[in-house]
Amino acid sequence: MSDLINDGMTKVVWASTIANINAPTTTELNAGADYTPRVTPDGLKLDPSTADVDTSSLASTFDTKTVGRISYDAEVTFKRGTTGGEDLPYTTLKYGVSGYLVVRRGVAYATAWATSQKCEVYPITCGEPQNNAPASNEVMKFTSPMKVTSAPATAATVA
């Protein structure tokens with residue numbers, strides 16, 4: 001048995017339109033902006049959390065809970081670039097911009113989108129971009145806080 005190594009096995013695309021988030025097409029994904037080379041190695045954050053619902057009663061002697069609403073803490077940290085194309089995430093992902101963040105995991109980055117691949121599709125509205133503090137021996141970076149605006153398709157299949 002082998003472990004799946006993460007390096008080079010993730011693709012991150014920003015798509016302006018996707019008709020069905022459960023089945024994005026290769027055409028829609030190829031039309032999106034491939035931001036993967038601009039994302040820092042630890043810069044993809046899509047953390048779900050599940051709220052607790054208290055199910056105990058006045059008669060209870062033990063606190064019981066069940067699962068409640070799901071929410072996401074989402075942000076992506078990008079490297080800034082010296083050319084227009086390299087700096088596209090910074091010039092595109094401004095406050096209030098909406099689109100879809102699509103993430104494919106476990107397939108080599110260079111592999112083309114293909115029918116039946118699994119991916120995650122997050123409907124997003126961007127928050128105010130945050131310039132990261134300068135540091136020696138680092139590239140200039142910024143973080144795009146992202147608001148997930150409706151339930152994502154975390155097990156979508158490319159159509």
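Residue indices begin at 1 and follow the sequence shown. A quick note: this is a predicted structure, and the numbers were derived from the prediction, not measured. Every heavy atom of this structure was used, including side-chain atoms; hydrogens, water molecules and symmetry mates were not.
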Expected output: side-chain [X] to main-chain [Y] donor-acceptor under 3.5 Å:
{"X": "T26", "Y": "A114", "value": "no"}
{"X": "E128", "Y": "P145", "value": "no"}
{"X": "D3", "Y": "I5", "value": "no"}

I'd like to check [X] versus [Y] (side-chain heavy atoms, cut-off strictly below 4.5 Å). Are they in contact?
{"X": "P123", "Y": "P152", "result": "yes"}
{"X": "L93", "Y": "W14", "result": "yes"}
{"X": "T154", "Y": "Y72", "result": "yes"}

Problem set entry | Distance under 6.0 Å and angle within 45° of ring axis: R38 vs F78 |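 Relative to the ring axis of F78, which defines the angle, R38 lies outside at least one limit.
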
For this session: Verify salt bridge (charged side-chain N to carboxylate O under 4.0 Å, His left out) between R105 and E120, making sure each step is shown before the conclusion.
Result: CA-CA 9 Å; R105 303 175 196 261; E120 304 158 25; 2.6 Å; yes

Problem set entry | Whether over 12 other heavy atoms sit under 6.0 Å from Y109 OH | yes

Problem set entry | Heavy-atom neighbours of K94 NZ exceed 12 at 6.0 Å | yes

Problem set entry | Stepwise side-chain hydrogen bond (donor to acceptor under 3.5 Å, both in side chains) test for T149 and T125 | CA-CA 7 Å; T149 58; T125 297; 4.8 Å; no

Exercise. Going through the checks in order, is the side-chain hydrogen bond (donor to acceptor under 3.5 Å, both in side chains) test met by S49 and S71?
Worked result: CA-CA 5 Å; S49 63; S71 63; 3.0 Å; yes

For this session: Could you grab the distance from atom OG1 of T82 to atom CE of M140, nearest 0.5 Å is fine?
Result: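 So the OG1 of T82 and the CE of M140 are separated by 11.0 Å.
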
For this session: Rounded to the nearest 0.5 Å, what's the gap from CG on N132 to OG1 on T77? Could you check?
Result: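 Between atom CG of N132 and atom OG1 of T77 there are 5.5 Å.
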
For this session: Please report the closest heavy-atom contact between I21 and A151, naming both atoms and the distance.
Result: CD1-O, 3.5 Å

Problem set entry | Salt bridge D54-K65, side-chain N to carboxylate O under 4.0 Å | no

